[in-house]
Amino acid sequence: MSSSGAATSVRDEVLAANDAYAASFAKGDLPMPPGRKFAVVTCMDARLDPAKYLGLEEGDAHVIRNAGGLASDDAIRSLIISTSLLGTQEVFIIAHTDCGMLTFTNDVCRDKLREETGADASHIDFLPFPDLEESVRQSLARVRETPFFERIPVSGWVYDVQSGRVSEVS
């Protein structure tokens, strides 16, 4: 409860955490390019903390997150900027077990949105996939086939949400 008697909101909790973080913040002089010269494309799933499972500190790597950890158009755009302008020399695509993107189709999502909001989402591809490793392979192919990454090593991985381990996708 806050001093006004109302329940503390998530917003208040986030702002308080930021205040505590900023009070001792001493990393404002980090350079813009990633210090370890790599980028990661991974899922937005809240169970994944790439900094922890990859041993990252602020300034180490570019971490690009989206639903499914896919090499979508926007992820590709970000990787081009990372590799072409900011010195990134390697890319990791990391999906994860028990991914929500395995649980629906475009039609299911579109129908749900229409029922809940009345809005038409037929023009949106939510990029669901039925096979986790195949989605990683498709993302790898997408990055590798983009001419801007011809000299950049790109590898694909699956993070196991039960063990915390990553394993490479062949």
Side-chain angles (χ1 to χ4, degrees), residues 14-15 17-104 106 109 123-170:
V14 168
L15 291 174
N18 179 253
D19 285 343
Y21 177 77
S24 61
F25 185 73
K27 296 182 180 185
D29 60 346
L30 288 173
M32 187 185 312
R36 293 178 56 194
K37 300 187 183 320
F38 75 94
V40 176
V41 177
T42 195
C43 189
M44 67 183 198
D45 190 299
R47 297 171 293 178
L48 278 63
D49 188 340
K52 288 183 180 173
Y53 74 75
L54 297 175
L56 302 176
E57 298 291 331
E58 289 100 328
D60 279 351
H62 289 151
V63 179
I64 301 156
R65 297 181 75 159
N66 64 37
L70 303 174
S72 62
D73 288 348
D74 195 58
I76 296 282
R77 177 188 67 87
S78 295
L79 289 173
I80 291 169
I81 292 166
S82 181
T83 57
S84 298
L85 301 175
L86 297 169
T88 294
Q89 298 174 357
E90 189 165 357
V91 173
F92 296 85
I93 308 290
I94 306 176
H96 68 93
T97 58
D98 195 34
C99 185
M101 298 297 286
L102 293 161
T103 66
F104 67 91
N106 272 324
C109 194
H123 62 287
I124 300 173
D125 184 353
F126 294 96
L127 305 174
F129 46 83
D131 183 297
L132 184 62
E133 289 194 5
E134 183 57 27
S135 78
V136 174
R137 285 187 204 95
Q138 288 176 6
S139 283
L140 286 170
R142 211 155 173 246
V143 173
R144 289 174 178 157
E145 291 166 2
T146 302
F148 308 110
F149 304 115
E150 290 176 349
R151 295 191 176 117
I152 304 289
V154 183
S155 57
W157 303 80
V158 172
Y159 171 83
D160 186 314
V161 297
Q162 296 296 312
S163 70
R165 295 196 181 280
V166 294
S167 56
E168 193 163 11
V169 173
S170 56

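We're numbering straight along the sequence, starting at 1. These values consider heavy atoms only, across backbone and side chains, with no hydrogens, waters or symmetry-generated copies.
Residues Tyr159 and Gly164 share a closest heavy-atom pair of CE1-O, 3.3 Å. The minimum heavy-atom distance between Pro34 and Asp60, with the atom names listed, is CB-O, 3.5 Å. For Leu132 against Ala95, the heavy-atom pair with the smallest separation is CD1-CB, 3.6 Å. Ala75 and Ala71 make their closest contact through CB-CA, 4.1 Å (heavy atoms, listed as atom of the first residue, atom of the second, distance). Summarising the geometry of Ser155 relative to Glu168, their closest heavy-atom pair is CB-OE2, 3.7 Å, with the distance given to 0.1 Å.
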Decide side chain to side chain contact (heavy atoms under 4.5 Å, CB included) for Asp74 and Asn66; before the verdict, give the C-alpha distance in whole Å, the side-chain angles of both, and the deciding distance to 0.1 Å. CA-CA 9 Å; Asp74 195 58; Asn66 64 37; over 6 Å; no
Step by step, would you call His62 with Ile81 a side chain to side chain contact (heavy atoms under 4.5 Å, CB included)? CA-CA 10 Å; His62 289 151; Ile81 292 166; over 6 Å; no
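Within the 4.5 Å cutoff, the side chain of Thr83 has no heavy atoms near those of the Phe148 side chain. Residues Leu48 and Arg65 meet the side-chain proximity criterion, which asks for heavy atoms closer than 4.5 Å. For the pair Leu54 and Ile94, the minimum side-chain heavy-atom distance is below 4.5 Å. Inter-residue side-chain proximity for Arg142 and Asp73 is flagged as met; some heavy-atom pair is nearer than 4.5 Å. In this structure the side chain of Met101 never reaches within 4.5 angstrom of the side chain of Cys43, judged on heavy atoms. Put simply, the side chain of Phe149 reaches to within 4.5 Å of the side chain of Ile76, judged on heavy atoms. The shortest side-chain heavy-atom distance between Leu56 and Val63 falls under the 4.5 Å cut-off.
Within the 3.5 Å criterion, the main-chain N or O of Cys99 finds no donor-acceptor partner in the side chain of Thr103. Within the 3.5 Å criterion, the main-chain N or O of Gly59 finds no donor-acceptor partner in the side chain of Arg36. With hydrogens and angles ignored, the 3.5 Å screen pairs no side-chain donor or acceptor of Asn18 with any backbone N or O of Ala22. Here the side chain of Arg77 pairs no donor or acceptor atom with the backbone of Ser72 at under 3.5 angstrom. A donor-acceptor pair under 3.5 Å is absent between the side-chain atoms of Thr97 and the main chain of Asp160, judged by distance alone. Between the Ser82 side chain and the Thr88 main chain, no donor and acceptor come within less than 3.5 Å of each other.
Of the inter-residue distances, the one linking Ile80 atom CD1 with Leu86 atom CG reads 13.0 Å to the nearest 0.5 angstrom. Here the straight-line distance linking atom CG of Asn106 with atom CG of Leu127 works out to 7.5 Å at 0.5 Å rounding. If you take CG on Leu70 and OG1 on Thr42, they are separated by 10.0 Å, rounding to the nearest 0.5 Å. One distance of note links NE2 of His96 with CG of Asp45; it measures 4.0 Å at 0.5 Å rounding. Atom OG of residue Ser139 and atom CD1 of residue Ile93 lie 5.5 Å apart, to the nearest 0.5 angstrom. Rounding to the nearest 0.5 Å gives a distance of 11.0 Å between CG of Leu140 and CH2 of Trp157.
With a 6.0 Å radius and a threshold of 12 heavy atoms from other residues, nucleotides or ligands, Gln162 has its CD atom at or below the threshold. Residue-environment remark: NZ (Lys52) stays at or below the threshold of 12 foreign heavy atoms within 6.0 Å.
Note: Phe92 and Phe38 have perpendicular aromatic rings, judged against thresholds of 30 and 60 degrees for the angle between ring planes.
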